[in-house]
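Below is one structure, written out as structure tokens; comments come after it.
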There are 2 protein chains.
Amino acid sequence: MTQDPPPPPSPTLEDVARAAGVSRATVSRVINGIRNVDSAIQEAVRQAVAATGYVPNRAARSLVTRRTGSIALVVSGAGGESGSFPVEVLADPFFGRVAGGVVGYLRPRGIHPVLMFAETAEARAQVLASLRQGDADGAVLVSTHAEDPLPRLLAEARLPAVLFARPAEPVPISYVDVDHRAGARLAADHLVARGRKQIVTISGPLDVPASQARLAGFRDAMAAHGHPFVPCAEGGFTYHSGERAMERLLADHPGLDGVFVANDLMAQGALPVLRHHGRAVPGDVAVVGFDDSSAATACRPALTTVRHPVEDMAAELARLLLEHVGQPGRRPTSIIFEPSLVIRDSS
Amino acid sequence: MTQDPPPPPSPTLEDVARAAGVSRATVSRVINGIRNVDSAIQEAVRQAVAATGYVPNRAARSLVTRRTGSIALVVSGAGGESGSFPVEVLADPFFGRVAGGVVGYLRPRGIHPVLMFAETAEARAQVLASLRQGDADGAVLVSTHAEDPLPRLLAEARLPAVLFARPAEPVPISYVDVDHRAGARLAADHLVARGRKQIVTISGPLDVPASQARLAGFRDAMAAHGHPFVPCAEGGFTYHSGERAMERLLADHPGLDGVFVANDLMAQGALPVLRHHGRAVPGDVAVVGFDDSSAATACRPALTTVRHPVEDMAAELARLLLEHVGQPGRRPTSIIFEPSLVIRDSS
DNA sequence: CTGAAAGCGCTAACAA
DNA sequence: TTGTTAGCGCTTTCAG
């Protein structure tokens with residue numbers, strides 16, 4: 001057993017107060033930026049803080065304020081029985097963007113998110129308990145699947161929470177989302193403007209509201225352009241599902257000359273399949289993705305895609321959550337962002 | 001201003017004690033699983049806990065135990081001046097695997113990591129302060145660049161911390177790493193066994209110890225096979241840098257028939273370049289990657305690669321950290337994992 | 001404008 | 001085996 005000298009106890013408010021020759025209360029006021037403190041004293045306190053190397057103790061503060069000052073970033077959804085859910089989710093570029101947006105907003109405010117996963121009933125219970133116990137003041141939720149029970153559970157527990165994307169069934173909870181229909185319309189208009197005649201689409205999983213909206217929006221827009229029927233192959237938002245869907249479409253509609261793929265990752269999978277079947281992109285087939293994720297620029301050719309402002313949305317979500325934490329009675333709000341078309345080389 | 005009725009105050013130990021007809025201390029003992037409590041009483045307490053819906057208050061507990069019961073997952077390194085560091089890092093499949101491994105170990109133990117980023121001096125200071133004020137009991141550090149000052153800062157502050165990968169300069173801190181040289185040797189042996197004669201390599205950034213070790217290990221093994229000189233193009237572990245490096249190598253060594261790429265992401269970038277230049281893989285050129293990340297199976301053809309057991313390593317790292325948190329004086333340890341070769345279609 | 005004092009909910013001696 | 005008690009470090013009335 002090795003032993004180092006025990007670390008010196010860190011200074012407390014009391015120590016600072018003594019060094020500054022004032023009371024604990026005064027030091028506390030200065031530290032918390034409360035006005036009504038003589039500026040000479042403020043200065044003295046600041047010096048004492050610097051001299052002692054004082055850092056406020058979070059636990060003590062939380063105990064009295066009943067706030068932890070941190071928030072949870074919860075990834076929820078129906079993961080398989082495998083224990084690998086966290087790995088899969090974290091490797092998803094979409095999640096990375098959400099987390100990045102949340103962190104980007106929170107960090108300047110000195111708060112670090114607590115990462116939690118809720119893919120099983122047990123994990124959800126753990127998350128709920130964690131929040132009730134005060135691991136965080138509220139939660140930013142990202143669901144990977146529809147029908148996620150967690151939003152409702154959080155709302156019922158009256159825990160501050162906000163959602164990335166509209167829930168499948170209405171739940172009294174704030175959320176941000178992108179206008180999926182409008183995005184799909186952008187893609188449709190673009191493919192038609194490029195003179196494509198046999199246009200098909202690869203959708204996301206149809207139990208997800210976002211997938212439904214993208215498909216419906218695309219079909220509506222195509223109908224308005226005089227294409228009442230658009231063949232569709234359902235994918236699962238993964239690279240491999242994109243490959244498979246493209247294979248199916250090519251088999252059923254060999255003459256296709258335009259594809260709208262409901263996310264970039266599937267489009268990344270579709271591209272090699274097209275090439276393998278001798279179709280040049282964009283020469284023979286124009287491809288439009290959705291998201292404008294890192295996959296879009298990793299593709300060859302680089303993907304024309306509908307930009308989903310995920311980072312901005314996530315930042316707004318974090319802002320909303322902090323607002324809810326600050327005013328517990330606040331009514332839920334939803335904010336819808338507008339997508340835009342990013343034209344690259346695939347169409 | 002909307003108002004809901006204020007939420008009922010959550011029950012405290014005192015409430016449970018009253019309901020069970022015992023003292024706070026006894027309830028505390030039961031909750032913390034301390035023996036020496038009459039089983040009848042234990043049962044009564046459990047019932048009272050269930051009846052009241054009691055959840056222990058973390059802040060109060062931390063205040064006295066001087067433990068938060070959570071750990072920080074810190075991503076460190078020299079990010080650019082852009083504020084997008086978190087987004088970039090989180091989108092990296094490698095980081096996802098590390099985080100997944102850490103979470104996989106921690107979650108069954110009821111602890112959720114706090115996510116922090118430390119790419120600038122300011123951010124590092126914030127991380128240090130955060131740890132000192134008790135946002136977490138210790139830190140798992142993942143550095144994206146060598147010469148990261150954070151490991152040393154943490155060691156000097158005597159904060160429990162562990163590292164993924166050996167630091168560039170020695171620092172008294174525990175870490176896990178893979179045997180990079182051995183992995184590179186595996187790749188060399190394999191390419192030679194496949195009958196390749198003009199073998200080249202794409203290395204990672206050479207200021208990173210891991211990159212140096214992979215390159216050195218590869219060259220040593222090739223030398224042992226009678227190839228004293230192996231051309232190398234330096235990359236930056238990114239998709240695009242892999243493309244560029246492959247272009248350079250092809251220009252300088254048009255006859256190359258085998259490539260060892262120091263990570264899968266760069267290999268994923270190299271593959272389309274080879275195809276574009278009319279080289280079939282593995283027919284004309286055999287390609288071997290490193291990491292066995294998700295990129296390896298997303299490639300076409302699927303990548304033969306050196307498996308880097310990142311998740312297992314990360315889990316071990318989390319275990320090590322908890323050990324250090326538990327015994328503050330504990331000496332640093334390092335654990336080296338063995339890589340293995342995963343043969344797929346690219347060689 | 002500043003200080004004194006109470007107490008947040010819990011654990012850990014120490015007594016019994 | 002159980003209960004009593006003293007704080008952990010901080011914020012926040014309430015006096016002054």
Side-chain angles (χ1 to χ4, degrees), chain A residues 6-46 48-49 52-70 129-130 132-135 137, chain B residues 6-46 48-49 52-70 129-135 137 326:
Chain A
S10 44
T12 72
L13 259 198
E14 185 71 52
D15 299 321
V16 179
R18 201 173 320 119
V22 295
S23 73
R24 280 209 313 271
T26 299
V27 177
S28 175
R29 289 186 186 107
V30 173
I31 295 203
N32 294 296
I34 293 181
R35 295 165 303 279
N36 302 342
V37 177
D38 184 281
S39 56
I41 293 192
Q42 287 201 27
E43 192 44 38
V45 170
R46 269 183 239 299
V49 167
T52 52
Y54 172 76
V55 187
N57 178 308
R58 240 175 93 91
R61 181 177 277 179
S62 295
L63 186 55
V64 37
T65 61
R66 335 226 64 180
R67 284 273 170 76
T68 66
S70 65
S130 210
R132 250 200 305 262
Q133 172 171 37
D135 280 15
D137 294 331
Chain B
S10 45
T12 72
L13 257 197
E14 186 71 52
D15 299 320
V16 178
R18 200 171 322 119
V22 296
S23 74
R24 282 209 313 269
T26 299
V27 178
S28 176
R29 289 185 187 110
V30 173
I31 296 208
N32 293 298
I34 293 179
R35 291 167 302 280
N36 301 343
V37 177
D38 184 281
S39 57
I41 292 192
Q42 287 203 27
E43 192 44 37
V45 170
R46 268 183 239 300
V49 167
T52 53
Y54 172 76
V55 188
N57 178 309
R58 240 175 92 92
R61 182 178 278 178
S62 294
L63 186 55
V64 39
T65 60
R66 334 224 65 179
R67 285 275 170 75
T68 66
S70 63
S130 210
L131 255 25
R132 249 199 307 261
Q133 73 182 133
D135 281 13
D137 294 330

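Chain naming here is simple, since letters A, B, ... match the order of the sequence lines and numbering starts at 1 in each. As the structure is a computational prediction, the values presented were derived from the model and not from experiment.
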Closest approach of A:Ala17 and A:Ser23, non-hydrogen atoms and distance?
CB-C, 3.7 Å

Show your reasoning for whether side chain to side chain contact (heavy atoms under 4.5 Å, CB included) applies to B:Val45 and B:Val37.
CA-CA 10 Å; B:Val45 170; B:Val37 177; over 6 Å; no

Treating A:Asp137 as the side-chain partner and A:Gly69 as the backbone partner, does any N or O pair qualify as donor plus acceptor under 3.5 Å?
yes

Net bend of the helix from C:dC1-D:dG16 to C:dA16-D:dT1, end axes of five pairs each, nearest 10 degrees:
30°

Heavy atoms under 4.0 Å is the rule here; annotate nucleotides 7-16 of chain D 5' to 3' with B where the base is hit, S where only the sugar-phosphate is, and - elsewhere.
-BBBBBB---

Please report the interatomic distance OG1(A:Thr12) to OH(A:Tyr54), rounded to the nearest 0.5 Å.
7.0 Å

So which pairs with a foot in residues 14-26 of chain B pass salt bridge (Lys or Arg N to Asp or Glu O under 4.0 Å), sequence neighbours left out?
B:Glu14-B:Arg24, B:Asp15-B:Arg18

For the residue pair B:Arg66 and A:Asn57, establish whether any side-chain heavy-atom pair is separated by less than 4.5 Å.
yes

Which pairs count as salt bridge (Lys or Arg N to Asp or Glu O under 4.0 Å) when at least one residue sits in residues 55-65 of chain B, sequence neighbours excluded?
A:Asp135-B:Arg58

Under a 4.0 Å heavy-atom criterion, DNA chain C is touched by chain A from C:dC1 to C:dG9

Is any side-chain heavy atom of B:Pro56 less than 4.5 Å from a side-chain heavy atom of A:Gln133?
yes

Rounded at 0.5 Å granularity, tell me how far CD1 in B:Ile41 sits from CZ in B:Arg46.
12.0 Å

For B:Thr52, check side-chain hydrogen bond (donor to acceptor under 3.5 Å, both in side chains) against everything at least two apart and list the hits.
none

